[in-house]
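All heavy atoms count here, side chains included; hydrogens, waters and symmetry mates do not.
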Amino acid sequence: MTTPLTLTSGRRADGTALLTVAGEIDMSNVEELATAIDTTEGPLVLDLTAVEYLDSAGLSVLFRYTDRMELVVTPLLAPVLEITGLADLTTVHGL
């Protein structure tokens, strides 16, 4: 069974691609997230403020794209990104 995940693409005011993620990111739907990131060209801002759960499969996908994305997170998710080292590899807003 796939865990609910909503992906909404758009553009920020400066033209940068924006992908807003809501729900849970886990091994049942992580390929959907990877595909959305893969099909977005150029630099990307990934808004994770509506993510309720992020497992190691989700973190693994995020690590793949650190060279071209920035993350926007909640204070609840920020420590996870710091502990895993992801925050050292890309810009994270909300720390």
Give, for atom CD1 of Ile37 and atom OG of Ser9, the distance between the pair rounded to the nearest 0.5 Å. 12.0 Å
Report yes or no: do Thr49 and Thr74 form a side-chain donor-acceptor pair below 3.5 Å? no
Output the distance between atom CZ (Arg11) and atom CG (Leu18), rounded to the nearest 0.5 Å. 9.5 Å
List for me each residue that meets side chain to side chain donor-acceptor pair (under 3.5 Å) alongside Thr91, sequence neighbours excluded, and say none if there are none. none
Nearest heavy atoms of Pro75 and Pro79, plus distance in Å: O-CD, 3.1 Å
Just checking Leu76: does its CG atom have more than 12 heavy atoms from other residues, nucleotides or ligands closer to it than 6.0 angstrom? no
For Thr8 versus Thr6, what's the shortest heavy-atom pair and its separation? OG1-CG2, 4.0 Å
Minimal non-hydrogen separation, Val45 against Arg12, with atom names: CG2-CD, 3.6 Å
Result for side-chain contact (heavy atoms from CB on, under 4.5 Å) between Leu62 and one of Val30, Leu48, Ile25 points to Leu48
Val72-Val80 co-clustered via ILVMFWY side chain contacts under 4.5 Å: no
Quick one: pull up CD in Glu52 and CG in Leu77 and give me the separation to the nearest 0.5 Å. 12.0 Å
Quick check: does any side chain N or O of Asp47 sit under 3.5 Å from a backbone N or O of Leu19, one acting as donor and the other as acceptor? no
Which value, rounded to the nearest 0.5 Å, describes the distance between Leu81 atom CG and Leu59 atom CG? 7.0 Å
Residue pairs involving residues 57-71 (criterion side chain to side chain donor-acceptor pair (under 3.5 Å); sequence neighbours excluded): Asp38-Tyr65, Glu70-His93
For a side-chain contact (heavy atoms from CB on, under 4.5 Å) check, start with the C-alpha distance between Asn29 and Leu33, then their side-chain angles and the critical distance, and finish with the verdict. CA-CA 7 Å; Asn29 59 27; Leu33 175 61; 6.0 Å; no
Apply side-chain contact (heavy atoms from CB on, under 4.5 Å) to Glu24 and Leu5, showing your working. CA-CA 6 Å; Glu24 299 181 8; Leu5 180 68; over 6 Å; no
Could you tell me the separation between the CG atom of Leu86 and the CZ atom of Phe63, rounded to the nearest 0.5 Å? 4.5 Å
Report whether Tyr53 and Met27 are members of the same hydrophobic cluster (ILVMFWY, side-chain heavy atoms less than 4.5 Å apart, transitive linking). no
Scanning both residues in full, the closest heavy-atom pair of Ala57 with Asp26 reads CB-C, 4.4 Å
